[in-house]
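Right, one structure below, let's go through it.
Remember, it's a predicted structure, so these values are computed and weren't measured experimentally. Here is how names work: the chains are called A, B, and so on, in the same order as the sequence lines, proteins then strands, and each is numbered from 1. Excluded from the calculations below are hydrogen atoms, water molecules and symmetry mates; all remaining heavy atoms, backbone and side chain alike, are included.
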Amino acid sequence: MNELLEAVRLVAAPDVVIAIIASAIYGLVVGSLPGLSATMATALLVPVTFWLSPIAAIATIITASAMAIFSGDIPGCLLRIPGTPASAAYTDEAYAMTRKGQPEVALGAGLWFSAIGGIVGTLSLVLMAPLLAEMALSFSTFEYFWLAFLGLMCATLVARSSPIKAIASMLLGLLIACIGMENPAGTPRFTFGLTDLLGGIEPIPALVGVFAVSEVMRAMVTAEPPKLPHRKFGSILAGQWKLTKTYQWPMWRGNFIGVIIGVLPGAGADMAAWVSYAMSKKFSKTPELFGTGHPEGLVEAGASNNASLASGWVPSLLFGIPGDTITAIAIGVLYMKGLNPGPTLFTENARSMYALYLIFIIANIIMIPLGIVMIRIASKVLRAPRASIMPVILLLCAVGAYATGNNLFSVLLVGLFGILGFVMDRNGYPVAALVLGIVMGTMVEQNFITSLIKSDGDVMPFFERPVSAVLAAMTIGALLWPLGVWIWNRTGGRRLPAQGAAE
Amino acid sequence: MQLSDRVTGGVLVILGGLAAWSGSRLPAVPGQDVGPAAFPMLIGSGLVICGALIALGIGRSFEVPEEDATEAAAPRFHGLRALIPPALLLFYMLASEPLGFLLTAAIIVLIGAVALGARLTLAVPLALAAPALVHLAFYKLLRVPLPDGVLPAPW
């Protein structure tokens, strides 16, 4: 109890309160601009967190990402352009509702069920994390290897792209992580004689390049999105209680699926939204209404993507294995602030953990009033010409990359990763898998090589311990999943409903 | 920038092959069977396999074609405009120390805005205001040592 009071005191500190409010506004605005994703909003925040206290730094990341995932629904609903990839699953549905003259219902559903999903996800984090922490204390390098590998495999189960291309992206990320001398033997690898490469590729310049610079590059070659017509909205929350009661069961299913997908290392909010939308359609009593402006799928997928956001912190906090690209950034910030992820975080630093839970709850509660304001002024915010936003984003990329190490080489890296991300995205290679490969490469290798040395080059011990056997089975399942779907489609003829997940 | 799967798959095969080959030449740790070479070789072989599968068109059935018609009518060298942002970052790397942050940033914002089709009435005020604000935030608040160059900031 003392710990909880201490946590309240930590969160009520003026710098934390200011950080929460400022990052909430920032997250809402950036998330609502088409092309600027939640991951990018978070990546650009990192240089700012250098300067904040540990709790305030975590608060900015949590608040900004939660807000950005919600406000990605706004342009999706009004313009049929998803603001973040996590909204893409139900953009068509929301836009169909707007055309039917119910934009306030669609946006309200996005807001209300995002907040509910976020709170359910947080509660699952509160319940699950300490239980899993007990278990994690007995983990050895074998289990850590499988966990990290499972995370990488889950990252390749990206919606709507070829699984082989996703695996190739992931391997490319791992190869990039090999650069430098951060390997078990300390041998410089692939440095091409450049001293700047000895320390390896930092994840932040890679993230900023892949998610932000490539977006500015895309803006250069695509037409400007249409301007939002000014419209008056009716009451935004009016119909939501009725929706909650009508679609209670889909809502809980969405929350549940979101939590499960979030806990899986490597799988994040966009996958949760796709799976939940497909699930909702499959189990609906009226599947024929989907795509015509039916709120059921919105309810389920909207709850799901925000639920996964909070539960994605479970593997990050316990094992240092990111649940998605946003927590990949958060892990870097945690290390920087001396809150090194691991099971002991929950015993030795319980008040910081309670503070983290509180921030999650607060962020999801203030999302409702701030979100309503954002929806009302969205037509003004979205009116800002792209030509004035993108150059500033580019400038922030340069300064942000420079600030991570006061090193001009990072600026070049950001540019190179921008090109890589742009080309990969154009050709159907999912960039999130690349990023997770880069972030987790060192960890996978470390645990893999250490395990091999411990077992004298034998592979059997990787499968002998009970937990590692289960994790191994899950990993191999994730690897073979696309093959199974493919064979099923070939032989059975009937399309699998879970196709949305593996497609 | 839309390349065929044969090209991207082929690039991956070559890259993977090179990684595995140069990985195998890394010095081993004396007395250990597995050293720094194991991981790059593993990844390199994986990339070779994936690249070959992609080049052969396996896994295409999972892809959803993008309904992106906005580019179809673009003139020939339009695609090269995508290289403007990385070029501006390269310019930042080379110029920020001699020219100073404010001047470099102003040039970047001006070129970026004009390339995106902004009128000068928007681009010029933006190029004046944005660098100053960014400098204030990063130099004053975040204490990032941005270079002064020929035009030091007045604060």
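Ranked by heavy-atom pairs under 4.5 Å with chain A, the first of B:P131, B:P145, B:A105, B:A130 is B:P145. Heavy-atom pairs under 4.5 Å with chain A peak, among B:L110, B:I108, B:T8, at B:T8. For the set B:P85, B:A118, B:G9, the entry with the most heavy-atom pairs within less than 4.5 Å of chain A is B:P85. Considering only heavy-atom pairs separated by less than 4.5 Å from chain A, the leading option among B:L133, B:L26, B:V7, B:L90 is B:L26. Note on B:L42, B:L47, B:L12: by heavy-atom pairs under 4.5 Å with chain A, the leading option is B:L47. Counting heavy-atom pairs closer than 4.5 Å to chain A, the top residue among B:H135, B:R143, B:R81, B:E97 is B:R81. Comparing A:A403, A:A401, A:G418, A:P385 by how many heavy-atom pairs each has under 4.5 Å with chain B, the most go to A:A403. Between chain B and the residues A:D456, A:V414, A:I453, A:L52, the most heavy-atom pairs under 4.5 angstrom are made by A:I453.
Within the 4.5 Å cutoff, no side-chain heavy atoms of B:L89 are placed close to those of A:L412. Between A:Y402 and B:S96, the closest side-chain pair of non-hydrogen atoms is not below 4.5 Å. Side-chain contact between B:I84 and A:V216 is absent, with no heavy atoms from C-beta onward closer than 4.5 Å.
When atom types are taken as modelled, the side chain of B:Y92 and the backbone of A:V399 share no donor-acceptor pair closer than 3.5 angstrom.
Residues meeting the ring pair (Phe, Tyr, Trp, His ring centres under 6.0 Å) test with A:F409, sequence neighbours left out: none.
The part of A:L395 that comes within reach of chain B is its side chain, from C-beta onward, which places non-hydrogen atoms under 4.5 angstrom from that chain. For A:S388, the parts lying near chain B are the backbone and the side chain together; criterion is any non-hydrogen pair under 4.5 Å. With a 4.5 Å cut-off on non-hydrogen atoms, B:A38 touches chain A through its side chain but not through its backbone. Residue B:V109 touches chain A through both its backbone and its side chain, counting heavy-atom pairs closer than 4.5 Å. Both the backbone and the side chain of A:P47 have a heavy atom closer than 4.5 Å to some heavy atom of chain B. Only the side chain of A:F190 comes within contact range of chain B, with at least one heavy atom under 4.5 Å from a heavy atom of that chain.
Closest of all the heavy-atom pairs between B:C50 and A:I164 is O-CG2, 3.8 Å. The nearest pair of heavy atoms linking B:A113 to A:P391 is N-CG, 3.4 Å. The nearest pair of heavy atoms linking A:M220 to B:G112 is CE-O, 4.0 Å. Minimum heavy-atom separation, B:D5 to A:K165: OD1-NZ, 2.8 Å. Minimum heavy-atom separation, B:L116 to A:R386: CD1-O, 4.1 Å. Closest non-hydrogen pair, A:L171 versus B:G46, comes out as CD1-C, 3.4 Å.
Atom NZ of A:K454 is surrounded by more than 12 heavy atoms from other residues, nucleotides or ligands within 6.0 Å. Dense packing is recorded around CZ of A:F50, with more than 12 heavy atoms of other residues, nucleotides or ligands lying under 6.0 Å away. By the neighbour-count criterion of 12 heavy atoms within 6.0 Å, atom CG of B:L120 is sparsely surrounded, having that number or fewer from other residues, nucleotides or ligands.
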Under the side chain to side chain contact (heavy atoms under 4.5 Å, CB included) rule, what do A:S162 and B:I54 come out as? Steps first, then yes or no, please.
-> CA-CA 9 Å; A:S162 146; B:I54 291 166; 5.5 Å; no
Any chance you could lay out the side chain to side chain contact (heavy atoms under 4.5 Å, CB included) test for A:L172 and B:L15, step after step, and finish with the verdict?
-> CA-CA 9 Å; A:L172 196 61; B:L15 189 70; 3.3 Å; yes
May I have the step-by-step check of side chain to side chain contact (heavy atoms under 4.5 Å, CB included) for B:F138 and A:L396, ending in yes or no?
-> CA-CA 10 Å; B:F138 278 81; A:L396 288 175; 3.9 Å; yes
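B:F39 and A:F448 have tilted rings, their planes meeting at an angle from 30° to 60° on a 0 to 90° scale.
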